[in-house]
Amino acid sequence: MAQKPSIPKGTRDFSPHEVARRNYIIGIIRQQFELFGFQPIETPAMENYDTLMGKYGEEGDRLIFKVLNSGDFLKKVSPGSKSLQDVRELTPLISEKALRYDLTVPFARYVVMHQNEIDFPFKRYQVQPVWRADRPQRGRFREFYQCDADVVGAGGIIQELEFIQLYDRVFTALGLGGVTIKINHRKILSGIAETIGAGNHLTDFTVALDKLDKIGREKVEAEMLEKGIPAEAIEKAAPLFELGGTASKQFSALRELLSRSTTGMEGVAELEEILSLTEALGLESASCKVDITLARGLNYYTGAIFEVAAPETVPMGSIGGGGRYDDLTGIFGLPGVSGVGISFGLDRIYLVMEALDLFPASLEQAVEVFCLNFGKEEARAALRLVLRLRSRGIRADLYPDQAKIPKQFKYADRKKVPYVVLIGNEELQAGTFMVKDMATGEQQAYDLEQWESFSRLLKP
RNA sequence: GUGGUUGUAGCUCAGUUGGUUAGAGCGCUGGAUUGUGGUUCCAGAGGUCGCCGGUUCGAGCCCGGUCUUCCACCCCA
């Protein structure tokens, strides 16, 4: 190889150690998804360009990876045309496909395409990679996994309650206690914008408000001004900046502020109901709290919105998010289908769990039993034992070469094997095998013909 | 997309105002130890200093470009 090989920026290889840990997280998430009645689907890595573009706002369009057309991709571009000067005009001419940016829009597309086969309400989950042409940082990659669960065709607030429970169960099962599920309601945000007279700046308003606890009130106000929100409007929003204390205090303050906004009042009522029912149901290890500044950028949310924050001790952006979107499939020609969904950010959850040292040590063990190789005859006896153990569902292996015993032991040690089996000449003559417990150093001999008494120790 | 930062042995990192042969710890290989790992001792191997170009008698060190890492914006899982 003349040049050192490399992989694209923001992508990663995963070695066995990491895959074991990732699969552990995915396994728990899947298990909980299925316990809650969700069924898995998968969609292609590539979608049509038009399916994705325009669904995530201007910023989103920029972050979508476009796939260059095959063959003569310039054939639709006339030489000297203006489109050569403007990428936004040029891109659709040379690209008809793009990499999946999230799992929600492809799901909406799926629902529309398969609407006649689907029994509504439809609960699906999906664990697949997505791609964003973002600049990488810690916990931010260009290729990363999302684990989504969504329900389409179900109104009411039962689903919202279920998703809060689902978040709690997954993080509890992962041993990741102390996460905060922040909830807000899009109708409250529109109500506020409407009330203060910034209705046509809803997105700018919420995006700026979202930064309140990060950059402080003054800078938020400055950003709102800069985006063209009138000063009087910002002044009217003052109660928001001072919002604090208990949930009930926040709700009464919101009621006062939003008294003349039907939409806003609806949002307050719904959020309050969700919160009180969640309190009544109880959570195992997560806490749930209202956060009026929570905005979430995606503009398709219309109802409750969620975001999960890692425990405060770990610096990390959100590790999950979601919400209700009343009419996502409308853009693909199927109006009136509501949906709610949440997403788990696998890669970030991994980093948080790593920082808190929450992965079980047993994930390191590729095999439970490892036989040393003492030579031709001995190895044959060992192989028979290995095959028998495997037939009992015990992960077992044999060192393939007759290497020096310390070297084989060292190999077993590095692989964190709990039990090493020795069948040397002595054992072969006696018809036994020696089992060494690597943690305690104790050794115990077993009759080769009574191997099952050993296997029962591992798998009763 | 904007501004900054990082890159030296398999890994973590030293490396002086530019000066001969680029170092350490861990790991690896061999030996003390032909049936006992995780502890010890001895020896050894391992480097186009990210890549390309420039300045200089001379570049790991200075300059430009590029790729990568991480950080702050933007935005987000």
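The chains referred to below are lettered A, B, ... by the order of the sequence lines, with proteins before strands, and numbering in each begins at 1.
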| Counting only N and O atoms by type, is there a donor-acceptor contact under 3.5 Å from the side chain of A:Gln32 to the main-chain atoms of A:Leu166? | no
| field | Contacts of A:Phe454 that satisfy ring pair (Phe, Tyr, Trp, His ring centres under 6.0 Å) - sequence neighbours left out | value | A:Phe433, A:Tyr446
| In whole Å, what is the span from the CG atom of A:Asp61 to the C1' atom of B:C74? | 15 Å
| field | A:Arg395 side chain to A:Ala366 backbone, donor-acceptor under 3.5 Å | value | yes
| How far, in whole Å, is B:A9 from B:G60 if one measures between their C1' atoms? | 14 Å
| said: With a 3.5 Å distance limit and no angle check, can you tell me whether A:Arg12 reaches the backbone of A:Glu143 through a side-chain donor-acceptor pair? | reply: yes
| A:Tyr145 stacking on B:A77: centroids under 5.5 Å, ring planes under 30°? | no
| Polar side-chain atom of A:Lys55 near backbone of A:Asp50 as donor-acceptor pair, under 3.5 Å | yes
| field | Separation of B:A77 C1' from A:Gln128 CD (nearest whole Å) | value | 16 Å
| message | Say we look at B:G47 and B:C41: how far apart would their P atoms be, to the nearest angstrom? | response | 27 Å
| field | Charged N-O contact under 4.0 Å between A:Arg324 and A:Glu270 | value | no
| request: Sticking with atom P, work out how far B:A24 lies from B:U17, rounded to a whole angstrom. | output: 22 Å
| query | In residues 7-25 of chain A, which residues come under 4.0 Å of RNA chain B by heavy atom? | reply | A:Lys9, A:Gly10
| message | Applying a 4.0 Å non-hydrogen cut-off, can you work out what A:Gln146 is touching in the nucleic acid: base, sugar-phosphate, or nothing? | response | sugar-phosphate
| said: If I pick the P atom on B:G37 and the same atom on B:G30, what distance separates them, to the nearest angstrom? | reply: 14 Å
| message | How many whole angstroms separate atom NZ of A:Lys211 from atom P of B:C74? | response | 4 Å
| Under 3.5 Å, is there a donor-acceptor pair between the side chain of A:Arg21 and the main chain of A:Met353? | no
| request: Output yes when a side-chain donor or acceptor of A:Ser95 lies under 3.5 Å from a complementary backbone atom of A:Val67, and no otherwise. | output: yes
| A:Phe36, CZ: over 12 other non-hydrogen atoms inside 6.0 angstrom | yes
| note | Rounded to whole Å, the CG-P distance (A:Asp102 to B:C75) equals 18 Å
| message | I'd like the P distance from B:A59 over to B:G50, given in whole Å. | response | 15 Å
| query | How would you label the contact of A:Ser343 with the nucleic acid (heavy atoms, under 4.0 Å): base, sugar-phosphate, or nothing? | reply | nothing
| request: Could you run through nucleotides 35-43 of chain B and give me one letter per nucleotide, 5' to 3': B if any protein heavy atom sits under 4.0 Å from the base, S if only the sugar-phosphate is that close, - if neither? | output: BBBB-----
| field | Proximity to the side chain of A:Arg348 - top-ranked nucleotide from B:C70, B:A77, B:C75 | value | B:A77
| message | Rounded to whole Å, how long is the line connecting atom CG of A:Asp134 with atom P of B:U68? | response | 14 Å
| said: I'd like the C1' distance from B:U29 over to B:U55, given in whole Å. | reply: 43 Å
Pairs: protein N or O with nucleotides 3-5 of chain B N or O, under 3.5 Å:
from: B:G3; atom 1: O6; to: A:Arg135; atom 2: NH1; distance (Å): 3.1

| query | Just checking, any donor-acceptor pair under 3.5 angstrom between side chains of A:Asp150 and A:Tyr325? | reply | yes
| request: For the pair A:Phe306 and A:Tyr167, name the ring-plane relationship: parallel under 30°, tilted 30 to 60°, perpendicular over 60°. | output: perpendicular
| query | A:Arg138 has an atom CZ; how far is it from atom C1' of B:U68, in whole Å? | reply | 17 Å
| note | Walking RNA chain B from its 5' end, the first of A:Lys404 and A:Arg142 to be reached, judged by nearest nucleotide, is A:Lys404
| query | Do NZ/NE/NH1/NH2 and the carboxylate oxygens of A:Asp397 and A:Arg390 come within less than 4.0 Å? | reply | yes
| query | Taking the six-membered ring for Trp, is the centroid-to-centroid distance between A:Tyr399 and A:Phe409 below 6.0 Å? | reply | no
| query | In whole Å, what separates the P atom of B:C52 from that of B:U48? | reply | 12 Å
| said: Can you tell me the base-pairing partner of B:G47? Count Watson-Crick or G-U wobble geometry only, both distances below 3.5 Å, and say none if there is no partner. | reply: none
| request: Could you tell me the separation between the CZ atom of A:Arg140 and the C1' atom of B:C70, rounded to a whole number of Å? | output: 13 Å
| request: Assign A:Gly139 to base, sugar-phosphate, or nothing according to its heavy-atom contacts below 4.0 angstrom with the strands shown. | output: base
| query | Heavy-atom contacts under 4.0 Å between residues 32-46 of chain A and RNA chain B, which residues? | reply | none
| query | Say you pick atom C1' in B:G15 and the same atom in B:U8; how far apart are they, in whole Å? | reply | 9 Å
| note | The residue, A:Glu223 or A:Ala133, whose nearest nucleotide of RNA chain B is more 5′ is A:Ala133
| query | Between A:Phe359 and A:Tyr24, what is the ring plane arrangement, given parallel below 30°, perpendicular above 60°, and tilted in between? | reply | perpendicular
Can you pull every protein N or O that's under 3.5 Å from an N or O on nucleotides 11-13 of chain B?
none

| Can a salt bridge be assigned to the pair A:Asp347 and A:Arg22 using a cut-off of 4.0 Å between side-chain N and carboxylate O? | yes
| query | Between atom CG in A:Asp210 and atom P in B:C74, what is the gap in whole Å? | reply | 11 Å
| said: Determine whether the aromatic ring centres of residues A:His114 and A:Tyr110 are separated by less than 6.0 angstrom. | reply: yes
| query | Looking across every strand, which nucleic acid part, if any, lies under 4.0 Å from A:Phe141 by heavy atom: base, sugar-phosphate, or nothing? | reply | base
| In the strands shown, is B:C26 matched to any nucleotide by a Watson-Crick or G-U wobble pair with both distances under 3.5 Å, and which? | B:G10
| field | Test item: A:Arg348 side-chain N/O and A:Gly139 main-chain N/O as donor-acceptor pair under 3.5 Å | value | yes
| Test item: A:Glu18 side-chain N/O and A:Ser15 main-chain N/O as donor-acceptor pair under 3.5 Å | yes
